[in-house]
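To start, the structure under review is shown below, and the notes come after it.
In what follows, chains carry the letters A, B, and so on, assigned in the order in which the sequence lines appear, proteins first and then strands, with residues in each chain numbered from 1.
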Amino acid sequence: MIRLALEPLVVGRSLRVEEMGPHDMRARGEGRGTGRTKAWIDAAGLLDGARVSRLERRGKRLAMVAADGRVLVVQLGMSGQLMLAPDAAATHRHVTWRVSGQRHPLVFRDPRRFGGVTPYASPEALHEAWDAELGVDALSVTGPQLAAVLRGTRAVKALLLDQRAIAGVGNIYADESLFLAGIDPRTRCAKVGRSRARELADAIRTVLRRAVRTGGSTLRDHRTALGKPGQAQQLHAVYGRSGEPCVRCGALLRSATLAGRTTAWCPGCQRRSGAVQKG
DNA sequence: CAGGTATCCTGTCCGC
DNA sequence: TGCGGACAGGATACCT
């Protein structure tokens with residue numbers, strides 16, 4: 001979504017770092033302080049004077065690849081925004097780039113500072129890192145690919161949140177995908193058979209494509225790269241609806257903490273694979 | 001190995 | 001109106 005929206009606005013254009021926020025952000029392998037660390041200044045300033053040749057995305061990470069080979073990856077975390085729009089909020093801006101030929105700057109802002117930027121010396125270095133840290137991209141995951149990582153005793157919900165297994169699924173869309181596939185989030189990975197793995201892969205692609213098409217889920221702060229609220233939250237069948245009746249079967253939706261995250265599901269529609277369901 | 005928990009931050013909402 | 005606490009879209013370090 002963000003990549004699709006920004007691509008026509010920044011590719012082929014040059015960047016100037018116009019402003020840097022007062023705080024440093026997470027830079028891989030570095031701690032954070034209240035002031036600016038050298039790592040942060042190096043990362044945030046990396047694309048100063050660079051011409052953007054393309055944008056690449058895998059999972060939740062977006063890479064801006066410069067014509068001279070420099071690469072800057074942006075991760076938004078929980079509250080991050082990357083936008084080129086007239087109404088980008090002025091607070092919590094961490095990097096502001098002037099984009100040649102564009103009236104409005106490109107802004108990376110993130111109130112909670114869970115996001116960050118990571119510099120790479122080349123596209124090769126970028127891909128090497130991504131291959132090591134990220135699994136197959138969720139927007140195009142296939143049944144066999146998912147089946148290959150569905151091993152072990154952990155809950156399938158935990159696997160969906162593991163970016164090394166599948167890259168790009170977060171808490172909302174993990175729950176929505178499991179609902180669409182009719183799988184109980186507590187199901188152990190190894191209990192998910194091949195056919196259900198395919199159904200889950202289909203569900204993940206469907207849910208994410210829908211979310212991309214509708215601009216993502218705006219619960220509060222989220223905005224598209226053009227500054228508009230998303231609409232995907234209107235499609236939520238289970239996320240944030242614990243206690244309400246299931247849209248499919250009417251049973252009351254349950255919730256529990258799983259893999260450290262609030263998890264909602266329908267006890268009627270979603271079942272554990274394999275053995276007979278038990279309380 | 002895998003699960004739970006704490007941690008990094010700020011903003012918002014709710015109950016008192 | 002103010003205040004404390006719970007909670008939030010993510011990721012990781014560190015326990016057990």
Watson-Crick/G-U partner (both atom distances under 3.5 Å) of B:dC16: C:dG2

Charged N-O contact under 4.0 Å between A:Arg70 and A:Asp68: yes

Closest to side chain of A:Arg154, choosing from B:dA2, B:dC9, C:dG9: B:dA2

Nearest listed nucleotide, side chain of A:Lys60, among B:dA2, B:dT10, C:dA11: C:dA11

Among B:dC13, B:dC8, B:dT10, the nucleotide that comes nearest once only the side chain of A:His92 is considered: B:dT10

Separation of atom CZ in A:Arg93 from atom C1' in B:dC9, rounded to whole Å: 20 Å

Contact under 4.0 Å: A:Thr262 side-chain N or O vs C:dC7 OP1/OP2: no

Nucleotide B:dC8, atom P - distance to CG of A:Leu76 in whole Å: 22 Å

Which nucleotide in C:dA11, C:dG9, B:dA2 has an atom nearest any side-chain atom of A:Met78: C:dG9

Atom-to-atom span, CD of A:Gln81 to C1' of C:dG10 - whole angstrom: 15 Å

N/O (side chain, A:Gln163) to phosphate O (OP1/OP2, C:dA11) under 4.0 Å: yes

Touch class at under 4.0 angstrom, heavy-atom based, for A:Leu219 against every strand present: base

Distance, rounded to the nearest Å, where A:Arg58 contributes CZ and C:dG10 contributes P: 19 Å

Minimum-distance nucleotide to A:Phe114 side chain [options: C:dA11, B:dC8, B:dG11]: B:dC8

Short side-chain N/O contact from A:Arg261 to OP1 or OP2 of C:dG10, under 4.0 Å: yes

Spacing between A:Gln75 atom CD and C:dA11 atom P, to the nearest angstrom: 6 Å

Identified pairing partner of C:dG9, criterion: Watson-Crick or G-U wobble below 3.5 Å: none

Nearest-angstrom distance from the residue atom NE2 of A:His94 to C1' of B:dC8: 13 Å

A:Arg113 side chain, from C-beta outward: closest of B:dA2, C:dG10, B:dT10: B:dT10

Distance, P atom - from C:dC7 to B:dT5, rounded to whole angstrom: 13 Å

A:Arg112 side chain near B:dG11 phosphate (N/O to OP1/OP2, under 4.0 Å): no

N-O pairing of A:Arg113 and A:Asp24 below 4.0 Å: no

Atom-pair distance (CZ on A:Arg164; P on C:dG10), nearest Å: 18 Å

Sidechain N-carboxylate O distance under 4.0 Å for A:Asp110, A:Arg93: no

Sugar-phosphate, base or nothing in reach of A:Asp110, heavy atoms under 4.0 Å: nothing

5' priority, DNA chain B, between A:Arg151 and A:Gly260 [closest heavy atom]: A:Arg151

Side-chain ion pair, A:Lys157 and A:Asp175, N-O less than 4.0 Å: yes

Check ion pair A:Asp131-A:Arg58 (N to O, under 4.0 angstrom): yes

Sugar-phosphate, base or nothing in reach of A:Ala158, heavy atoms under 4.0 Å: nothing

Charged N-O contact under 4.0 Å between A:Arg54 and A:Glu56: yes

Complement of B:dC9, any strand, by Watson-Crick or G-U distances under 3.5 angstrom: none

Side-chain heavy atoms of A:His236 within contact of A:Glu176, under 4.5 Å: yes

Phosphate OP1/OP2 of C:dG9: any A:Tyr239 side-chain N/O under 4.0 Å: yes

Protein-nucleotide distance (A:Gln231, atom CD; C:dG9, atom P), rounded to Å: 19 Å

